[in-house]
Q: 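One structure, pasted below without further comment.
Order of listing sets the numbers, starting from 1, for every ligand and every atom in it.
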Amino acid sequence: MQRFFVIGNPVEHSRSPEIHAAFARQTGAELTYERRLFAPGRFAEELARLVEQEHPAGCNVTVPFKLDAAAACGALTARAARAGAVNTLVFGAGGITGDNTDGAGFVADVERRRGARLAGARLLILGAGGAARGLLAGLEALPRGCAEIVVANRTAARAEALAADFAGLGARGCGFAQLPGGPFDIIVNATASSMGGQAPAVPGGVYAGAGLAYDLFYAAQPTAFMRAALLCGAKRACDGLGMLVEQAAESFEAWLG
Ligand code: NAP
């Protein structure tokens, strides 16, 4: 029986165990998948103990450990190196390989499930943390890119630095107050604001006419971002549960083929 884990803090809310149990039923794979709460600042020690005592075949890594996970890997896939963050650990004879499946999960959910097109779209990404970086790394893999990508963040300098790293995509960075007018085809909330029950403090006019407002956060009820976007004129809004399922599918494939 192969053992898999999701590591985070907090981690009790994670739906990954349910998702991977469903994949296991669908494919006939024999596995267990459990949550593990790691202490902040102790990722490397706690991972070493997990490896020694519980012999994982693979792990998912969530907030706030994705950068620590990248540092703990002996090798990174190209997309994980580009994202600078790891959400999937693959344990092999040669050591630990880190992958980042968030960007591919986002692309798959937006295009296949939500029926929106990223190719040629005007895209606004709110936030400049690990998730925003993962999305941009996923967009680099698309055969045809977006027409325009704006990265806006509460701390403008972080958005500018992130956009500069992805200048090949034509990304531009700014603060919330400097946001250009829409309409955007797709607006993504990649900030952590929904975790605190708030929408990011962007001018309401930004949402007017948006084809899809997509919150990476997911919850039982529409998030504050989804509500704000719909109130201010976005045509559709959804949360990030579909992305979670799609990034999990990519992890499952990396582990089990
Ligand atoms: P992170 O690296 O900690 O980055 C946090 C970002 O949020 C920064 O840009 C930060 O801005 C911004 N922020 C925090 N609080 C804010 C507020 N109240 N108003 C406006 N901006 C705020 O976090 P992350 O890993 O990128 O995760 C971001 C979100 O994506 C989380 O909600 C996470 O759950 C979600 N996520 C979902 C999936 C999925 O599969 N659905 C996958 C990955 C992540 P400053 O730079 O100004 O501090």
Side-chain angles (χ1 to χ4, degrees), residues 6-20 40 43 60-70 79-80 83-88 99-110 113-114 124-139 150-163 165-166 171 173-179 187-203 206 212-220 222-226 228-229 237-252:
V6 56
I7 299 164
N9 189 330
V11 76
E12 67 275 9
H13 67 284
S14 172
R15 310 232 8 219
S16 292
E18 287 168 68
I19 294 169
H20 284 283
F43 183 85
N60 284 128
V61 180
T62 186
V63 177
F65 296 120
K66 291 184 188 183
L67 301 184
D68 298 312
R79 61 190 178 181
V86 158
N87 76 336
T88 304
D99 195 3
N100 188 311
T101 66
D102 281 338
F106 169 76
V107 169
D109 190 45
V110 165
R113 204 178 297 247
R114 309 289 165 194
L124 169 61
I125 299 175
L126 303 175
R133 186 172 276 279
L135 292 197
L136 288 163
L139 294 175
V150 177
V151 180
N153 193 44
R154 183 173 64 177
T155 311
R158 283 187 82 193
E160 286 158 10
L162 181 58
D165 273 359
F166 288 88
C174 65
F176 288 161
Q178 294 86 46
L179 265 170
I187 301 181
V188 184
N189 181 22
T191 77
S193 68
S194 293
M195 293 174 103
Q198 293 177 312
V202 297
V206 162
L212 176 65
Y214 191 109
D215 200 341
L216 296 196
F217 190 74
Y218 55 89
T223 66
F225 165 80
M226 291 167 64
C238 66
D239 73 10
L241 184 60
M243 170 176 164
L244 184 78
V245 173
E246 295 292 350
Q247 63 78 30
E250 291 267 334
S251 297
F252 196 86

Q: Please confirm whether the backbone N or O of Leu126 pairs with a side-chain atom of Thr191, one donor and one acceptor, at under 3.5 Å?
A: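 Side chain of Thr191 to backbone of Leu126: no pair is present.
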Q: Could you list each nitrogen or oxygen of ligand 1 that sits under 3.5 Å from a protein nitrogen or oxygen, with the atom names and the distance?
A:
from	atom 1	to	atom 2	distance (Å)
ligand 1	2 (O)	Gly130	N	3.0
ligand 1	7 (O)	Ala192	N	2.9
ligand 1	9 (O)	Ala128	N	3.0
ligand 1	9 (O)	Asn153	OD1	2.7
ligand 1	11 (O)	Asn153	OD1	3.3
ligand 1	18 (N)	Gln198	OE1	3.4
ligand 1	26 (O)	Gly130	N	3.2
ligand 1	26 (O)	Ala131	N	2.7
ligand 1	41 (N)	Leu216	O	2.8
ligand 1	41 (N)	Gly240	O	3.0
ligand 1	46 (O)	Asn153	ND2	2.8
ligand 1	46 (O)	Arg158	NH1	2.7
ligand 1	47 (O)	Arg154	NE	3.1
ligand 1	47 (O)	Thr155	N	3.1
ligand 1	47 (O)	Thr155	OG1	2.5
ligand 1	48 (O)	Arg154	NH2	2.9

Q: Among side-chain atoms of Thr101 and Asn87, is any donor-acceptor pair under 3.5 angstrom?
A: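 The answer is yes; a qualifying pair exists.
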Q: Could you tell me whether a side-chain N or O of Arg79 sits under 3.5 Å from a main-chain N or O of Asn100, the two making a donor and an acceptor?
A: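 Answer holds: yes.
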Q: Check the orientation of Phe252 and His20. Use parallel for under 30°, tilted for 30 to 60°, and perpendicular for over 60°.
A: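 Parallel.
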Q: Under the ring pair (Phe, Tyr, Trp, His ring centres under 6.0 Å) rule, collect the residues that match up with Tyr218, sequence neighbours excluded.
A: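 Here no residue qualifies.
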Q: Is it true that Ser194 and Asp215 share a donor-acceptor pair across their side chains at a distance under 3.5 Å?
A: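 Judged by distance alone, the side chains do pair up.
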